[in-house]
Protein chains: 2
Amino acid sequence: MRLSEGVEWAVHCCAILALLPPEATLPAARLAEYHGVPPAYLAKHLQALSRAGIVTAEPGAKGGYRLAKPATAVSVLDVVRAVDGAEPAFRCMEIRQRGPAALPTSEYRQACAVTKAMARAEAAWRDALRSETIADLVAVVGRETPPAAVTKAAAWFQEVLH
Amino acid sequence: MRLSEGVEWAVHCCAILALLPPEATLPAARLAEYHGVPPAYLAKHLQALSRAGIVTAEPGAKGGYRLAKPATAVSVLDVVRAVDGAEPAFRCMEIRQRGPAALPTSEYRQACAVTKAMARAEAAWRDALRSETIADLVAVVGRETPPAAVTKAAAWFQEVLH
DNA sequence: GTCCCTATACTCGGATAGCAAGTGTCCGAGTATAGGCGG
DNA sequence: CCGCCTATACTCGGACACTTGCTATCCGAGTATAGGGAC
C-alpha cells in the first residue's frame, strides 16, 4: 500500500499558500522551485486541488494559485482525497461468492466481516486526517522551524510573490 | 492508495484455516479452488504468510497449510503486514530540505509536521486492524452466514481435507 | 505375515513474464498586463 | 495628458510517453506416502 508522492507535495503547497497575504497568488512554477520538485508534475496535482475546490487558480500574467478557503477549513483529508482519490484502499472482490461452496448472490445481504473490519480501520484513518487542518500544520511548523529558515523563506517570497 | 488484492485472499484463507480441526492441513490448490482465485498467485501470498509465521506449511503428499498460532493470536494487522509489507503508506521525501529556502540537514531535528500527521493517521489504522483477530472474524461469519452455506462448505471440506 | 526398499505423486518455494497505475513531460487555450498610438 | 487598442508574455488545463510495482505464471527441490519385493 503506497500513498502517491504528490500527496506530500500538495499538503506542503497548501501550507505555503496558507502563509501568503490575502489575495496574493503564487504560480505553480514557483511552488515547484521552492520545493525542488518537477514543475510540470506538480502542476498536475495542483490542478486536482483546483478541481476539488481547495485552491483557486488565477489565469493570465501575474496569476497563480491561492487557497480557496480559510486554512482552518481545509483538512489534510481533503487534500489527500483530492490528490489520491476517494476510493477505499481495500476493495472487496466478494470472493466469498465464488468457488464450490458459493450461494446465489441474493443470499449475501450482509457485507462480509473482512470488508467491515477493513472499513472500520480506514474510517479511523480518515477521522485522524480529518481532525487535522492545514492551519494546524502551519502552526506547528511556525513553532518548530528555526528562525533562520523563516527569514530565508520570507525573503524568497518577497521576490517572487504576485 | 490501494491495498494489494492478495490481502483479501490471505485474510479469507486464514479464516478458513481457523475452522479446520487441529492438526488438519489444506493445500494451497484447495484454498484457491474454494475461493475461485488463481492457484499459483494465491500460493505466492501463502508463502508470505508462512514467512511471517502466521501459517505453517507441511510439505509432501497429504501436506498443506495450517494456522501456526491460535486464531485469537493472529490479528488482521499481522496478515496485512505479512502480505502487503510493513512500510508506511506515506513516505516523507523531506522536500522541506530542498529548494532555495533550505537549510543544512543538521538543522532539521524534528520530523516535519506533515509526516507526523500522516503517521498518527496510519497508527490509528493499524490500531484498528490490530484489535481485530481472525477469531473475531470467524465468529461474525459464523453468526451471519446462512446455514445453507455452512453445510455446503462443511460438505466440501469433508472431501478435500487432509 | 512383517519389514524394508524404491518409485511415485503430491506438496511447497523461489525465479520468471505481463500489465496497469503512478510518474513525468509536453504543447495548446485563455487572460491580464504592458506598451504604443491616436485623440 | 488621457484613453483605447493591440501585441505580448505569462498563466493554467488537458493530452501524450515512460517506469515502477503489482499481477499472474511456471518449473525445480523436497518429502510423506503407497506399493512391491524379500525375508
Side-chain angles (χ1 to χ4, degrees), chain A residues 1-10 13 17 23-33 35-66 68 80 82-85 87 89-91 93 95 160-162, chain B residues 1-10 13 17 23-33 35-66 68 80 82-85 87 89-91 93 95 160-162:
Chain A
M1 189 174 54
R2 206 178 145 183
L3 208 52
S4 166
E5 193 179 2
V7 169
E8 182 181 6
W9 304 355
C13 285
L17 292 179
E23 302 299 307
T25 64
L26 204 56
R30 295 292 153 276
L31 281 168
E33 185 184 353
H35 291 114
V37 298
Y41 191 28
L42 177 63
K44 191 182 184 66
H45 295 306
L46 289 172
Q47 286 165 28
L49 292 180
S50 176
R51 273 193 295 270
I54 295 173
V55 303
T56 55
E58 291 291 331
K62 305 280 181 180
Y65 287 99
R66 130 183 53 236
V80 170
V83 174
D84 196 65
E87 288 195 14
F90 181 86
R91 274 97 142 175
M93 292 298 174
I95 63 174
V160 301
L161 206 59
H162 281 183
Chain B
M1 188 173 55
R2 203 179 146 182
L3 209 50
S4 167
E5 193 178 1
V7 169
E8 181 181 6
W9 305 356
C13 285
L17 292 180
E23 302 299 307
T25 64
L26 204 57
R30 296 292 153 277
L31 281 167
E33 184 184 352
H35 291 113
V37 300
Y41 190 29
L42 177 63
K44 190 182 184 66
H45 295 306
L46 289 172
Q47 287 166 28
L49 292 180
S50 175
R51 273 194 296 270
I54 295 173
V55 302
T56 55
E58 292 291 332
K62 305 279 180 183
Y65 287 100
R66 130 182 53 236
V80 170
V83 174
D84 196 66
E87 288 195 13
F90 181 86
R91 275 98 141 174
M93 292 299 175
I95 62 174
V160 302
L161 207 58
H162 282 181

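Proteins get letters first, then strands, A, B, ... in listed order; numbering begins at 1 in each.
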Discussion item. Nearest whole Å is fine: how far is dT20(D) P from R91(B) CZ?
Written reply: 15 Å
Worksheet item: Are any of the side-chain heavy atoms of E5(A) and R91(B) separated by less than 4.5 Å?
Response: no
Discussion item. If I take atom CG from residue L31(B) and atom CD from residue E33(B), how far apart are they, to the nearest 0.5 angstrom?
Written reply: 10.0 Å
Practice prompt. Pick base, sugar-phosphate or nothing for A43(B), based on heavy-atom distances below 4.0 Å to the nucleic acid.
Written response: nothing
Item to complete: Determine the minimum heavy-atom distance between A52(A) and A82(A), stating which atoms define it.
Response: CB-CB, 3.5 Å
Discussion item. Main chain of M93(A), side chain of E8(B): is a donor-acceptor contact present, judged purely on distance under 3.5 Å?
Written reply: yes
Worksheet item: For the helix from dG1(C)-dC39(D) to dG39(C)-dC1(D), what is the angle between the axes at its two ends, each from 5 pairs, rounded to 10°?
Response: 10°
Discussion item. Using only atom types and a distance under 3.5 Å, with no angle test, would you say the side chain of R66(A) pairs donor to acceptor with the backbone of E23(A)?
Written reply: yes
Practice prompt. Looking only at non-hydrogen atoms, find the nearest pair between T56(B) and A68(B) and report the distance.
Written response: CG2-CB, 3.5 Å
Fill in: Closest heavy-atom pair and its distance - L46(B), A28(B)
CD1-CB, 3.5 Å
Worksheet item: How many angstroms lie between CG in L3(A) and CZ in R2(B), if you round to the nearest 0.5 Å?
Response: 14.5 Å
Worksheet, complete the sentence: What residues 55-63 of chain B contributes to the DNA chain D interface at heavy-atom separation below 4.0 Å is P59(B), G60(B)
Item to complete: Let me know the distance between CG of L31(A) and P of dT11(D), rounded to the nearest Å.
Response: 12 Å
Fill in: Criterion side-chain contact (heavy atoms from CB on, under 4.5 Å) against Y65(B), the qualifying member of L17(B), L26(B), T25(B)
L17(B)
Worksheet item: With a 4.5 Å limit on heavy-atom distance, are the side chains of S4(B) and H45(B) in contact?
Response: yes
Worksheet item: Between E33(B) (CD) and dC10(C) (C1'), how many Å, whole number?
Response: 15 Å
Worksheet item: To the nearest Å, how far apart are R30(A) CZ and dC12(D) P?
Response: 10 Å
Practice prompt. Select base, sugar-phosphate, or nothing to describe what A29(B) touches, counting heavy atoms under 4.0 Å on all strands.
Written response: nothing
Worksheet item: What heavy-atom pair brings P27(A) and G63(A) nearest, and what distance separates the two atoms?
Response: CG-O, 3.8 Å
Worksheet item: CG of L46(B) versus P of dC12(C): gap in Å, rounded?
Response: 8 Å
Worksheet item: Rounded to whole angstrom units, what separation is found between the CD atom of Q47(B) and the P atom of dA15(C)?
Response: 10 Å
Worksheet item: CZ of F90(A) versus P of dC22(D): gap in Å, rounded?
Response: 17 Å
Worksheet item: More 5' along DNA chain D: Y65(A) or L42(B), using each one's nearest nucleotide?
Response: Y65(A)
Detail all sub-3.5 Å separations between protein N/O atoms and N/O atoms belonging to nucleotides 20-24 of chain C.
{"residue": "dT23(C)", "atom": "OP1", "partner": "E5(A)", "partner atom": "N", "Å": "3.4"}
{"residue": "dT23(C)", "atom": "OP2", "partner": "S4(A)", "partner atom": "OG", "Å": "2.9"}
{"residue": "dT23(C)", "atom": "OP2", "partner": "Y41(A)", "partner atom": "OH", "Å": "3.1"}
{"residue": "dT23(C)", "atom": "O5'", "partner": "Y41(A)", "partner atom": "OH", "Å": "3.2"}

